[in-house]
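Have a look at the structure below before the remarks.
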Amino acid sequence: MTSPAISVDSLVKRYPQVTALAGVSLEIPAGCIYGLVGPNGAGKSTFIKCLVGALRPTGGSVEVLGIDPVADRWRLRRRIGYMPQEIALYDDLTVRQNVRFFGSAHMGVGLDAAVDRVLAFVELTDRADAPVHTLSGGMRQRVSLAGALVHPLDVAILDEPTSGVDPELRRAFWDGFRTLRDGGATVIVSTHQMSEVVECDRVAIVNRGRLVVEETPEDLIARGARQVRIRRKDGTVEEVPVGDYRTELPGLLGIDVETIELVQEPLEDVVLRLIEGSR
Ligand code: ADP
C-alpha cells in the first residue's frame with residue numbers, strides 16, 4: 001500500500017473561547033479528491049491551516065507528504081498549492097501579475113506558459129490584463145485559485161474554492177480537480193455545500209471540531225433510509241421500508257419482473273440544460 005499523502009493524529013486546536021478542533025484523526029490517501037464537508041464554524045479552515053503550517057496545533061500531530069508543516073513550512077509550500085478562504089491579492093496589480101507573483105515563488109522556467117494554462121482553467125484569459133480591483137468577488141476568488149495551482153504540486157489544499165461560484169464554472173472547477181487528481185495529485189477541498197459530497201472520492205464530515213464520519217460518497221448514500229409509498233386505487237396508502245428497491249419492488253407489486261430501476265438525471269444537468277436552452 002502506498003503511504004498516505006496526509007496523516008493527522010488527535011489534532012487539537014484551542015482558542016481562548018472555543019475549541020476549533022477537538023481531536024481529529026484521519027489519513028488522506030494519495031491521488032484522491034478528498035472533501036472536508038461541514039457547516040460554517042465546523043473547523044474546516046482551522047484544519048486546513050494546520051495542514052499548511054499556517055497554524056500551530058495545540059495538540060496532536062500532522063504530516064503532509066511526510067513533512068511536519070510547522071517545522072518545515074517552506075519545504076512543504078514548494079510541493080503544495082494552497083488557496084486560503086480569505087483572498088489575499090494585490091489589488092493594484094493585474095490578474096496575470098498576481099498569478100505570476102504566486103508562481104514565481106516556486107518556479108522560474110515555464111512560468112509564463114503555466115500562468116496562461118491556469119488562467120484558462122479559471123476562465124480569466126480575457127481579463128488577464130485587468131487590475132484586480134476591477135473584478136467581482138467571484139472573479140477574485142478565481143484569481144486566488146489560479147495562484148494556488150500555477151506551480152507543479154503534489155497536493156492542492158483548497159479552502160471553499162467553489163463558494164460563490166456559479167454552477168457552470170463550479171462544474172468546470174470540479175472537472176479541473178479531477179484532471180489534477182488524474183495527473184497524480186491529491187486534492188483536498190473544503191465545502192459547506194452538502195451537494196458537493198458526490199464530487200469527492202472520499203469525504204470527512206466535520207462538525208463542532210470533530211470528525212463525524214469518514215467514508216466514500218457511495219457509502220454515505222447507502223446510509224439513507226428508503227421507503228416505497230404505495231397508494232391503492234381504493235385510497236389506502238402503505239409505506240414499506242426497502243433495502244434495495246430495485247429487487248424488492250417487483251415482489252411488493254406482485255409482478256413477474258426481476259428488477260425495476262429509476263435512473264435520475266442529476267439536478268445539475270437539468271439546470272445546465274435549461275440555462276443552455278435559454279441562450
Ligand atoms: P469553518 O472553516 O468550518 O467555517 P473555522 O475553522 O473557521 O470553521 O472555525 C471553527 C471555530 O473556531 C469557530 O467557532 C470559529 O469562530 C473559531 N475560530 C476560528 N479562528 C479563530 C481565531 N483566530 N480566534 C478565535 N476563534 C477562532
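Counting convention: from 1, in listed order, for ligands and their atoms alike. Reckoned from all heavy atoms, side chains included, excluding hydrogens, waters and symmetry mates.
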Next item on the list: Establish whether atom 20 (N) of ligand 1 and some protein heavy atom are separated by less than 4.0 angstrom.
Entry: yes
Note to self: Is it true that D159 and S190 share a donor-acceptor pair across their side chains at a distance under 3.5 Å?
What the structure shows: yes
Notebook entry, point to check: Considering only the protein, which heavy-atom contact is closest to atom 13 (C) of ligand 1, and what is its distance?
Noted result: G41 O, 3.9 Å
Next item on the list: List the steps, then state whether side chain to side chain donor-acceptor pair (under 3.5 Å) holds for S7 with E63.
Entry: CA-CA 5 Å; S7 301; E63 265 193 11; 5.2 Å; no
Notebook entry, point to check: Are R100 and D116 close enough for a salt bridge, meaning some N to O gap below 4.0 Å?
Noted result: no
Notebook entry, point to check: Any N or O on V18 sitting closer than 3.5 Å to an N or O of ligand 1?
Noted result: no
Margin query: Under a 4.0 angstrom heavy-atom cut-off, which atoms of ligand 1 come close to A42?
Written below: 1 (P), 3 (O), 8 (O)
Margin query: Would you compute the distance between atom NE2 of H106 and atom CZ of R79 and round it to the nearest 0.5 angstrom?
Written below: 13.0 Å
Item checked: S45 neighbourhood, listing ligand 1 atoms whose heavy-atom distance to it stays under 4.0 Å -> 1 (P), 2 (O), 6 (O), 7 (O)
Next item on the list: Would you mind checking which non-hydrogen protein atom is closest to atom 12 (O) of ligand 1, with the distance to 0.1 Å?
Entry: A20 CB, 3.4 Å
Check: Considering T46, L55, T191, which one's heavy-atom position lies nearest to atom 9 (O) of ligand 1?
Finding: T46
Check: Below 4.0 angstrom, N of the basic side chain to O of the carboxylate: do E123 and R170 qualify?
Finding: no
Check: Which is it for D244 and R246 under the salt bridge (charged side-chain N to carboxylate O under 4.0 Å, His left out) test, yes or no, and what are the steps along the way?
Finding: CA-CA 5 Å; D244 185 348; R246 292 167 303 180; 3.0 Å; yes
Checklist line | Is_contact(atom 15 (C) of ligand 1), protein non-hydrogen, under 4.0 Å | finding: no
Margin query: Under 4.0 Å, counting heavy atoms only: does G38 come that close to any atom of ligand 1?
Written below: no
Notebook entry, point to check: In terms of atom number and element, which parts of ligand 1 are under 4.0 angstrom from non-hydrogen atoms of N40?
Noted result: 4 (O)
Next item on the list: Would you kindly specify which portion of P39 sits under 4.0 Å from ligand 1, judged on non-hydrogen atoms: side chain, backbone, both or neither?
Entry: backbone
Check: With under 30° as parallel and over 60° as perpendicular, where do the rings of Y90 and F101 fit, or are they tilted in between?
Finding: perpendicular
